[in-house]
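In what follows, every chain begins at residue 1, and chains take the letters A, B, ... in the order their sequences are listed.
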There are 2 protein chains.
Amino acid sequence: MPNNISDIIEQYLKRILEESDVGVVEIQRSELAELFNCVPSQINYVISTRFTTDHGYVVESKRGGGGYIRIREIKLDPEHTLLTLLRNWPSELSQATSEALIERLMRESWLTKREAVMLENMLRREVVNVDLPLRDRLRSRLLYTAVQVIATYDNEDH
Amino acid sequence: MPNNISDIIEQYLKRILEESDVGVVEIQRSELAELFNCVPSQINYVISTRFTTDHGYVVESKRGGGGYIRIREIKLDPEHTLLTLLRNWPSELSQATSEALIERLMRESWLTKREAVMLENMLRREVVNVDLPLRDRLRSRLLYTAVQVIATYDNEDH
DNA sequence: TTGACTTTGACTTATCTTGACCATATTATA
DNA sequence: TATAATATGGTCAAGATAAGTCAAAGTCAA
């Protein structure tokens, strides 16, 4: 069915991702581009259109010698709790709302008690003390990033 | 996974450091360079990017005949580590410095791996995306708060 | 023929590698 | 003992490597 390079690269990456049973794939942009005879930035296009958090992936990368692009799958529970949460993430978060969210995540065992306390304190307005509405946007990005991490990294302590 | 010589040399040195249970490793620059087939100054690069005081290491060296480079891992007094750290907290923190600090706290078991990854990601400039120098001040406050929590909240790991 | 999606490439940023030249300590020699 | 030779390590800037951004151009279906 795939009739363009982007679709082909997408399928390729998803196949590799399935074969790696840890849900992580690491590639070199230029290498992959060469494999599919396209310009390197095409890889960025594929990633930014098909491997977003909406799609259930988190991407990291490093430039320079020995650089890479790493794609991780978001871990799914039956309810797709974290994926759903990330998909509908609000662009602004008040302190009260973020605290409620953190409490909920802790109740559902996504966060340890200590992580929850840490996040709650970090997101207090005295700490994130920039002017509104920037503050609420910043708080949103911070917690979003934290949730992204718990969605992709296993916590060996629990 | 390390795809470049610098990472490999870093891992090598850290392994040697662990094996030597006094937390000290002494090398000869040219010898090490030869071992990894690189120019001697590459060793300096590795040290200056991965074994700084922020990372929790002290490096001494001597030139001339019988010269050496000695890397010492500095473990702070377990009783007062975090309090001392908090007392001398810098008002601004770059991304590189905060990453070094987080890595160090993890090495000394003050942070779990997941907490460390979470904090590192939250403190990235793309996330804390306000203009400098505000960004570095904000990063400082955020990490300060996190460390404060792990200092007061003695979790099950300690 | 318009609009969404894809492809391309010029330019930017980040990180690592290399080498020429510099500084300092030890050892040999006058 | 002074000085020269040798043996190390240090600095820094240029070059190499690799990913990111963005906008212009191309494609294709409705």
Rounded distance (Å) that lies between atom [atom2] of [N] and atom [atom1] of [X]:
X: A:I43; N: C:dT7; atom1: CD1; atom2: C1'; answer: 12 Å
X: A:F36; N: C:dT8; atom1: CZ; atom2: C1'; answer: 18 Å
X: B:N37; N: C:dG19; atom1: CG; atom2: P; answer: 12 Å
X: B:E10; N: C:dT15; atom1: CD; atom2: P; answer: 14 Å
X: A:D7; N: C:dC5; atom1: CG; atom2: C1'; answer: 10 Å
X: A:I5; N: C:dT6; atom1: CD1; atom2: P; answer: 11 Å
X: B:I9; N: C:dC16; atom1: CD1; atom2: P; answer: 11 Å
X: B:Q42; N: D:dT11; atom1: CD; atom2: C1'; answer: 15 Å

Do the side chains of B:Q148 and B:L86 get nearer than 4.5 Å, heavy atoms only? yes

A:Y153 six-ring centre to A:R72 NZ/CZ under 6.0 Å and within 45° of normal: yes

Calculate, to the nearest 0.5 Å, the distance between atoms CG and CZ belonging to A:L93 and A:R135 respectively. 12.5 Å

B:E34 CD to B:L32 CG distance, which is reported to the nearest 0.5 Å: 10.5 Å

Any strand, both distances under 3.5 Å, Watson-Crick or G-U wobble: D:dA18 pairs with C:dT13

side-chain contact (heavy atoms from CB on, under 4.5 Å) test vs B:L138 passes for just one of B:L123, B:V130, B:L143, namely B:V130

Tell me whether A:E18 at atom CD has more than 12 heavy atoms from other residues, nucleotides or ligands lying less than 6.0 Å away. no

Can you check whether B:R125 has a side-chain N or O nearer than 4.0 Å to OP1 or OP2 of C:dT13? no

Distance test, side-chain N/O of B:S6 to OP1/OP2 of C:dT17, below 4.0 Å: yes

Regarding B:R70, tell me which of base, sugar-phosphate or nothing describes its non-hydrogen contacts under 4.0 Å with the strands shown. nothing

Under 4.0 Å protein heavy-atom contacts per nucleotide of nucleotides 14-30 of chain D, with B for base, S for backbone only and - for none: ---BBBBB---------

Ion pair check, A:E10 and A:K14, cut-off under 4.0 Å: yes

